[in-house]
Amino acid sequence: MTKVLVLGGYGAVGIPLMKQLAKVPEISAYSAGRDRARADVVVDLKEPGAYSAAVRDFDVVVNASGFEDVRLAEEAVRGGAAFVDITATSNYCEELEAVDGPVLMGVGLAPGLTSVLAAEAHRLGDGPVDIVIGLGGGELHGPAATAWTYGMLGTRFPDPDGRSIRNYTGMKTFRMPADATGYRSGPAVRADFSDQHALTRDLGVPVRTYLRLDTSTATLGLAAMTWAPALQKVVPKKLWGSDRWVAMARTDTGPALWVSGRSQSAATATIAARAVQVIRDSAISKPTWFHAVETAESLQLAVPELSVRQWDGTRRTSGKAVD
């Protein structure tokens, strides 16, 4: 029996993750947090001593709390556990890559599913890879996801060509598959999802991630706020739109790989549950990205509801699939 501790096990991602893990007979999952009424293991992640004692008896620790402190990973692996994190934060991932022990990064919808799609798109085509992640403005995201999105307003990150890119700029219009419900062709903006940097290194080609919401108006609003971050104070937590998401990756020459679904939090939980099973079956010994241990084919076989589809946009219209 594999014992799994889910940090933030009663949050937006933690709740569906606990449900997913409960379906696996070989896994015994426990939620961790400060709320005694909801946590199986009561612990304050800001208290290192209490946390070290809490993780000591577990085989895998999944951080779904949104609290990003590399000491969580260090203490978990020191106690003999593998550490899995759903973070999309680039600087934090750099710290995780330096941990001496089994750490799995890039686990979730984006990064995670997007990384697997990008690796497959690279295998099927040539040249740079563009990743498009579309998120539904109508989903009530957890506080950590909301803070992450608005926290990038006005900040910058390095492009593969060496330029400094301001988050939510560099707008580009992407055509979307007709079956991607709720997502018409529309603008997307650059965003600092952590996996694009790891993928650029691992695949040997420039990989760039673009973010869009399910309405062009919301996407344009995000692009405007990056020049005036204070505007986030007047933006409601839940925008107009649906809870539908879409993830797509493509090169200049090959087909696009894409998946769509409902609820970003549930999709992240599904990928995280799969990640736990992957490292349970094939242990890792050092910091590793999800795209290094999972392929589009193996993910599809393990999680049929994540239907990975190919789309050759260049055959449906003249010109490139990405305008």
Side-chain angles (χ1 to χ4, degrees), residues 3-24 27-48 50-51 54-55 58-73 75-76 81-89 92-93 96 103-114 133 135-152 193-194 232 235-239 242-245 261-277 290 303:
K3 292 183 64 178
V4 179
L5 185 67
V6 179
L7 310 181
Y10 46 81
V13 173
I15 290 174
L17 175 55
M18 290 292 294
K19 291 179 179 178
Q20 291 278 351
L21 293 175
K23 298 176 183 178
V24 185
I27 290 177
S28 181
Y30 302 80
S31 64
R34 291 177 297 179
D35 191 333
R36 293 182 179 276
R38 295 187 289 176
D40 298 314
V41 177
V42 179
V43 62
D44 187 341
L45 300 183
K46 295 181 180 180
E47 295 183 4
Y51 171 76
V55 300
F58 289 90
D59 303 300
V60 180
V61 176
V62 181
N63 186 14
S65 69
F67 182 59
E68 298 177 345
D69 188 332
V70 71
R71 290 176 295 181
L72 297 179
E75 289 300 321
F83 188 81
V84 177
D85 207 300
I86 67 171
T87 183
T89 304
Y92 177 48
C93 283
L96 290 175
V103 176
L104 189 63
M105 298 164 289
V107 174
L109 176 59
L113 176 59
T114 52
I133 177 69
L135 301 179
E139 181 173 353
L140 185 58
H141 301 285
T146 302
W148 184 86
T149 303
Y150 289 147
M152 292 200 300
F193 287 87
S194 56
Q232 65 177 284
V235 178
K237 292 182 179 180
K238 186 176 181 180
L239 303 174
S242 72
D243 66 348
R244 293 186 178 275
W245 56 264
R262 305 195 74 150
S263 177
Q264 171 195 351
S265 298
T268 291
T270 296
I271 299 295
R274 169 60 182 164
V276 170
Q277 294 186 69
F290 186 60
V303 191

Which pair of non-hydrogen atoms, one from [X] and one from [Y], has the smallest distance, and what is that distance?
X    : Y    : result
A110 : A88  : O-CB, 3.9 Å
A64  : V13  : CB-CG1, 4.3 Å
R71  : P48  : NH1-CG, 4.5 Å
R262 : W245 : N-NE1, 3.4 Å
F83  : A76  : CD1-CB, 3.8 Å
L5   : A54  : CD2-O, 4.2 Å

Are [X] and [Y] close enough that some pair of their side-chain heavy atoms sits under 4.5 Å apart?
X    : Y    : value
Q264 : D243 : no
F290 : I271 : yes
V43  : R34  : no
S194 : T87  : no
V276 : L21  : yes
L96  : V70  : yes
T270 : V303 : yes
F193 : I133 : yes

Partners passing salt bridge (Lys or Arg N to Asp or Glu O under 4.0 Å) against R38 (at least two apart in sequence or in another chain): D35
Take atom NZ of K19 as the centre, draw a 6.0 Å sphere, and report whether it contains more than 12 heavy atoms from other residues, nucleotides or ligands. no
Side chain to side chain contact (heavy atoms under 4.5 Å, CB included), that's the test. Do D59 and V4 meet it? Break it down for me. CA-CA 6 Å; D59 303 300; V4 179; over 6 Å; no
Do L7 and V62 pass the side chain to side chain contact (heavy atoms under 4.5 Å, CB included) test, and can you show the C-alpha distance, the side-chain angles, and the key distance before you say yes or no? CA-CA 6 Å; L7 310 181; V62 181; over 6 Å; no
Contacts of Y30 meeting side-chain hydrogen bond (donor to acceptor under 3.5 Å, both in side chains) (sequence neighbours excluded), chain-then-number -> S28
Under 3.5 Å, is there a donor-acceptor pair linking the side chains of D44 and Y51?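 There is no such pair between these side chains.
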Apply the test side chain to side chain contact (heavy atoms under 4.5 Å, CB included) to residues M18 and D40: give CA-CA distance (whole Å), side-chain angles for both, the deciding distance (0.1 Å), then the verdict. CA-CA 11 Å; M18 290 292 294; D40 298 314; 4.0 Å; yes
Ignoring hydrogens and geometry, is there a side-chain-to-backbone donor-acceptor pair from T268 to L109 under 3.5 Å?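 Yes, T268 side chain to L109 backbone: donor-acceptor pair under 3.5 Å.
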